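Report on the structure given below.
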Amino acid sequence: IGFDHAHAVVARHREKTIEQVVGKFKGRATQAMRASGCHPLARFVAPEEAPPSPWAEGSWSVYVNDVGQLRAAIDYVNRHPIKEGLPLQNWSFVRAIPGV
């Protein structure tokens, strides 16, 4: 998770498209920001109003076709915070992929 965007490596969902999965991520992140009082656009509306979405429409999706690409994608996501001057990140919802 960076200052203005996030990266994720996710497995294919049996029923949802990647766009639906990304939409769920954005919705849950918005809920968490509002609950913790750190929504970046909350100051622009009255307290009882929902702030506008901070998210851009759509997403950039890259599809992984083999284990080598998967390892490279995971490494990129793990190292990305450092490029923004942030510490390495560990999240409770991240799970290892067996065999990778």
Side-chain angles (χ1 to χ4, degrees):
I1 297 173
F3 290 111
D4 63 357
H5 69 286
H7 294 268
V9 177
V10 298
R12 180 175 301 191
H13 194 280
R14 283 181 237 149
E15 300 167 6
K16 296 185 185 325
T17 65
I18 188 61
E19 293 80 12
Q20 290 170 317
V21 171
V22 169
K24 184 65 83 173
F25 282 169
K26 290 177 180 180
R28 295 294 181 154
T30 298
Q31 289 174 345
M33 287 187 294
R34 289 185 70 195
S36 67
C38 69
H39 191 292
L41 302 175
R43 68 180 185 261
F44 298 108
V45 297
E48 66 278 357
E49 293 180 33
S53 175
W55 308 108
E57 288 187 31
S59 63
W60 184 46
S61 304
V62 177
Y63 296 89
V64 173
N65 297 305
D66 60 47
V67 173
Q69 289 178 345
L70 179 59
R71 287 185 180 126
I74 292 169
D75 185 53
Y76 179 83
V77 169
N78 285 335
R79 288 182 295 108
H80 194 269
I82 296 168
K83 288 173 57 176
E84 292 194 29
L86 298 167
L88 291 174
Q89 299 175 6
N90 293 299
W91 301 99
S92 62
F93 54 83
V94 173
R95 302 285 183 261
I97 301 171
V100 175

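Predicted, not measured: the structure shown is a model, and the values here were computed from it.
- Q31 is listed as a side-chain neighbour of R28, based on a closest heavy-atom distance under 4.5 Å.
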Report task. Give the C-alpha distance, both sets of side-chain angles, the deciding distance and a yes or no for side chain to side chain contact (heavy atoms under 4.5 Å, CB included) between L86 and I1. Result -> CA-CA 9 Å; L86 298 167; I1 297 173; over 6 Å; no
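- Under a 3.5 Å cut-off, the side chain of K16 and the backbone N or O of V22 do not form any donor-acceptor pair.
- Atoms NE2 and CD, from H13 and Q20 in turn, are 9.0 Å apart once rounded to the nearest 0.5 Å.
- Within the 4.5 Å cutoff, the side chain of P51 has no heavy atoms near those of the T30 side chain.
- H5 pairs by the side-chain hydrogen bond (donor to acceptor under 3.5 Å, both in side chains) definition with H7, not counting sequence neighbours.
- The two residues A73 and V64 make their nearest non-hydrogen contact at CB-CG2, 4.4 Å.
- Considering CD of E19 and CD of E57, their distance stands at 13.0 Å, rounded to 0.5 Å.
- When hydrophobic clusters are built by joining Ile, Leu, Val, Met, Phe, Trp and Tyr residues whose side-chain heavy atoms come closer than 4.5 Å, directly or via intermediates, F25 is grouped together with I18.
- Each salt bridge (Lys or Arg N to Asp or Glu O under 4.0 Å) pair with one or both residues in residues 73-86, not counting sequence neighbours, appears once here: D75-R79.
- Two residues are said to be in side-chain contact when any heavy atoms from C-beta on lie closer than 4.5 Å; V9 and Y76 fail this criterion.
- Residue P54 comes nearest to H39 through the heavy atom pair CD-NE2, 3.5 Å, listed as atom of the first residue, atom of the second, then distance.
- The heavy-atom pair separating S36 from C38 by the smallest distance is OG-SG, 3.1 Å.
- The shortest non-hydrogen separation linking M33 to W55 is CE-CZ2, 3.8 Å.
- Not a single donor-acceptor pair under 3.5 Å links the side chain of Q89 to the backbone N or O of P81.
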